[in-house]
Amino acid sequence: MILPYAMALPKLGALQECSDFSKTVSPFLPQLYALPRQILHTISTGGSFLKLYMETNPFISGLGLSIFLGGVFLVAAEVNRNYSQVDRFWSILPTIYIAHFATWARLTGIPSRRIDAALLFSTIWSIRLTYNYWRKGGYAKGSEDYRWEIVRAMLPSWAFHILNWTFISFIQSVLLYMFASPVYVLLLATQFEPELSTADVGFIVMELGLILTEFIADHQQWVFQSAKKEYQTSGQIPAGYKQADLDRGFITSGLWAYSRHPNFAAEQSIWLTLYQWGCFATNTLYNWSIVSPIMLMSVFQGSTWLTERITAGKYPEYSAYQRQVGTFVPKTLKGYKTPMPKFIRTSDLAKKLQDKENKKQK
């Protein structure tokens, strides 16, 4: 007897084939094109959505959902003239997609221990990042990332709308799904190695360590920004801070003494590690899901460039900070040191004034 889901997964003969795009994704792309029609047919005939879900390749059904949500984000952004629609779901959707793979595996009887382990770290990641976004006011009514306003000012109106129709709404929506794409590789690999190995546990430990690092970095920045706000509001210097640090305007202590964006570095590393986990599980050096970390790093390159351009324009000392401290990876282990002010000797100053006076007389 052929199980309903048998046709939803590729027939593979070796572990390494689990990472082969031509065997694991390409043959199922026609399902993506047919999915809207099948959904409408199921609605009109009163058919079983569970049956459709189980008989559709899990990578394809997840991809279809991300494209659909891209359309929802696009409409919401244009109607509300607020372009942080994807931002509000950034910390939530990757975990939903991983949960989708875990659910599909359980429904179809495929061992899900590895996928459950990935879901564990992803859930912790979601809770932490969602909380951080919430406390910064990200879910407040009408809130929008301040950088979108700057981008709108930089581009003609028509160009910004094209940017929204492509990158902001659709590409970012698909990117959030691609975060979870290595879990599809893990799902396929469990057919050959169903048990959770010591290496799998090692990857989970690394992921949790990176989440902890990102939490520490974000919390250090939150505490500093709160102290700076209190100082600017009341004129009182909060305990544990020096006036010079608050007048500087940006944090240079803790992890931020060694990396200008330690939270960004950890965020990228989390999803790069998940990709490496998929490679290790299939005994391959690389696979097609590398598109996920590449896309993510490209987004962070653009986002970091814009953020630093804004910050450097606000704070004079930021250029010195950029020279001493690496963007993501530390340049040294010495940490940031505030540049000493340049002193001009009285004799040198007098000589300059005398030279200036002589030029005037000539």
Side-chain angles (χ1 to χ4, degrees), residues 77 80-88 90-91 129 132-140 142-164 166-169 171-172 175 214 216-233 241 243-268 295-331 335-339:
N80 295 289
R81 289 294 185 263
N82 184 307
Y83 300 92
S84 280
Q85 307 302 323
V86 176
D87 298 340
R88 293 181 175 86
W90 185 280
S91 63
L129 194 58
N132 191 63
Y133 188 70
W134 167 79
R135 71 175 176 175
K136 292 165 68 175
Y139 293 109
S143 66
E144 183 184 49
D145 190 324
Y146 70 96
R147 289 170 294 188
W148 290 132
E149 182 178 352
I150 295 172
V151 173
R152 282 200 298 269
M154 294 169 59
L155 298 174
S157 177
W158 62 267
F160 185 80
H161 283 298
I162 291 177
L163 180 67
N164 181 42
T166 53
F167 172 74
I168 298 176
S169 294
I171 293 178
Q172 285 197 122
L175 170 61
E214 189 174 22
I216 292 172
D218 277 338
H219 186 66
Q220 288 175 343
Q221 187 181 52
W222 172 261
V223 171
F224 174 83
Q225 292 294 343
S226 298
K228 185 177 74 170
K229 184 177 181 180
E230 179 184 342
Y231 168 63
Q232 292 173 339
T233 303
Y241 287 91
Q243 182 175 350
D245 294 329
L246 299 173
D247 286 338
R248 182 189 297 115
F250 58 94
I251 184 173
T252 61
S253 58
L255 296 177
W256 302 80
Y258 307 95
S259 169
R260 301 203 300 273
H261 303 280
N263 51 348
F264 289 0
E267 177 71 9
Q268 294 172 84
M295 288 174 67
L296 179 62
M297 287 187 284
S298 298
V299 169
F300 269 102
Q301 285 296 321
S303 174
T304 303
W305 171 82
L306 180 58
T307 300
E308 295 220 319
R309 179 179 176 180
I310 297 168
T311 305
K314 291 169 62 178
Y315 307 116
E317 193 179 320
Y318 199 76
S319 58
Y321 180 59
Q322 288 175 307
R323 287 192 295 270
Q324 288 190 41
V325 180
T327 307
F328 303 121
V329 181
K331 290 182 178 180
Y336 178 71
K337 300 295 182 183
T338 301

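By convention here, the first residue in the shown sequence is residue 1. Remember, it's a predicted structure, so these values are computed and weren't measured experimentally.
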S.K.: Between atom OG of Ser298 and atom CD1 of Ile171, what is the distance when rounded to the nearest 0.5 Å?
M.R.: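 The CD1 atom of Ile171 is 11.0 Å from OG of Ser298, to the nearest 0.5 Å.
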S.K.: Do Trp148 side-chain atoms and Tyr83 backbone N/O form a donor-acceptor pair below 3.5 Å?
M.R.: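 Such a contact is found between Trp148 side chain and Tyr83 backbone.
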S.K.: Can any side-chain N or O of Gln85 pair as donor or acceptor with the backbone N or O of Ser169 at less than 3.5 Å?
M.R.: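 Answer holds: no.
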S.K.: Closest heavy-atom contact between Leu255 and Gln220?
M.R.: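 Scanning both residues, the minimum pair turns out to be N-OE1, 3.0 Å.
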S.K.: Are side-chain heavy atoms of Gln324 and Pro339 found at a separation under 4.5 Å?
M.R.: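 Yes. Closest side-chain heavy atoms under 4.5 Å.
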S.K.: Looking at CZ of Arg309 and OH of Tyr318, how far apart are the two atoms once the value is rounded to the nearest 0.5 Å?
M.R.: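 Here the interatomic distance stands at 14.5 Å.
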S.K.: Is the number of heavy atoms from other residues, nucleotides or ligands under 6.0 Å of Trp134 CH2 greater than 12?
M.R.: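 No, because the 6.0 Å sphere around CH2 of Trp134 holds 12 heavy atoms or fewer from other groups.
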S.K.: Thr233 side chain to Lys229 main-chain N or O, any donor-acceptor pair under 3.5 Å?
M.R.: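 Present.
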S.K.: Main chain of Gly249, side chain of Lys228: is a donor-acceptor contact present, judged purely on distance under 3.5 Å?
M.R.: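 Side chain of Lys228 to backbone of Gly249, a donor-acceptor pair under 3.5 Å: yes, one is there.
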S.K.: Could you give the distance from OH (Tyr133) to CG (Asp87), rounded to the nearest 0.5 Å?
M.R.: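 Taking OH in Tyr133 and CG in Asp87, the distance rounds to 4.5 Å.
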S.K.: Verify whether the ring centers belonging to Phe328 and Phe300 lie closer than 6.0 Å.
M.R.: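 When the ring centroids of Phe328 and Phe300 are compared, they turn out to be at least 6.0 Å apart.
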S.K.: Nearest 0.5 Å please: distance from the CE atom of Met297 over to the OG1 atom of Thr304.
M.R.: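 Rounded to the nearest 0.5 Å, the CE-OG1 separation comes out at 12.5 Å.
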S.K.: Check the pair Trp256, Asn263 against side chain to side chain contact (heavy atoms under 4.5 Å, CB included), reporting the backbone distance first and the verdict last.
M.R.: CA-CA 9 Å; Trp256 302 80; Asn263 51 348; 3.6 Å; yes
S.K.: Any side-chain heavy atom of Phe250 sitting closer than 4.5 Å to one from Glu317?
M.R.: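 Sidechains of Glu317 and Phe250: in contact.
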S.K.: Could you go through the side chain to side chain contact (heavy atoms under 4.5 Å, CB included) check for Ile251 and Tyr336 one step at a time?
M.R.: CA-CA 10 Å; Ile251 184 173; Tyr336 178 71; over 6 Å; no
S.K.: Which atom pair, heavy atoms only, marks the closest approach of Leu155 to Leu163?
M.R.: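 So the two residues come closest at CD1-CD2, 4.1 Å.
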S.K.: With no hydrogens and no angle check, just 3.5 Å: does a side-chain donor-acceptor pair link Asp247 and Tyr231?
M.R.: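 The answer is yes; a qualifying pair exists.
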S.K.: To the nearest 0.5 Å, how far apart are CD1 in Ile310 and CH2 in Trp305?
M.R.: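 With rounding to 0.5 Å, CD1 (Ile310) is 9.0 Å from CH2 (Trp305).
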S.K.: Tell me which one of Arg147, His261, Arg260 satisfies side-chain hydrogen bond (donor to acceptor under 3.5 Å, both in side chains) with Thr307.
M.R.: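 One option only clears the test, and that one is Arg147.
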S.K.: Quick one: are Phe224 and Thr252 in side-chain contact, heavy atoms under 4.5 Å?
M.R.: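 Of all side-chain heavy-atom pairs linking Thr252 with Phe224, none is under 4.5 Å.
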S.K.: Quick check on Gln232: does its CD atom have over 12 non-hydrogen neighbours (other residues, nucleotides or ligands) under 6.0 Å away?
M.R.: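 Yes.
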S.K.: Under 3.5 Å, side chain of Asn82 to main-chain N/O of Ser143, donor-acceptor pair present?
M.R.: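 Answer holds: yes.
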S.K.: What I'd like to find out is whether the side chain of Arg88 reaches to under 4.5 Å of the side chain of Tyr139, using heavy atoms alone.
M.R.: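 The answer is yes, as the side chains (C-beta and beyond) meet within the 4.5 Å cut-off.
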S.K.: Distance check, rounded to the nearest 0.5 Å: Phe264 atom CZ versus Leu296 atom CG?
M.R.: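 So the gap between those two atoms works out to 11.0 Å.
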S.K.: Among all residues two or more places apart in sequence or in another chain, which pass the side chain to side chain contact (heavy atoms under 4.5 Å, CB included) test with Val223?
M.R.: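 Only His219, Tyr241 meet the side chain to side chain contact (heavy atoms under 4.5 Å, CB included) criterion with Val223.
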S.K.: Side chains of Lys331 and Val325: does their closest heavy-atom pair fall under 4.5 Å?
M.R.: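 No; the side chains remain at least 4.5 Å from each other.
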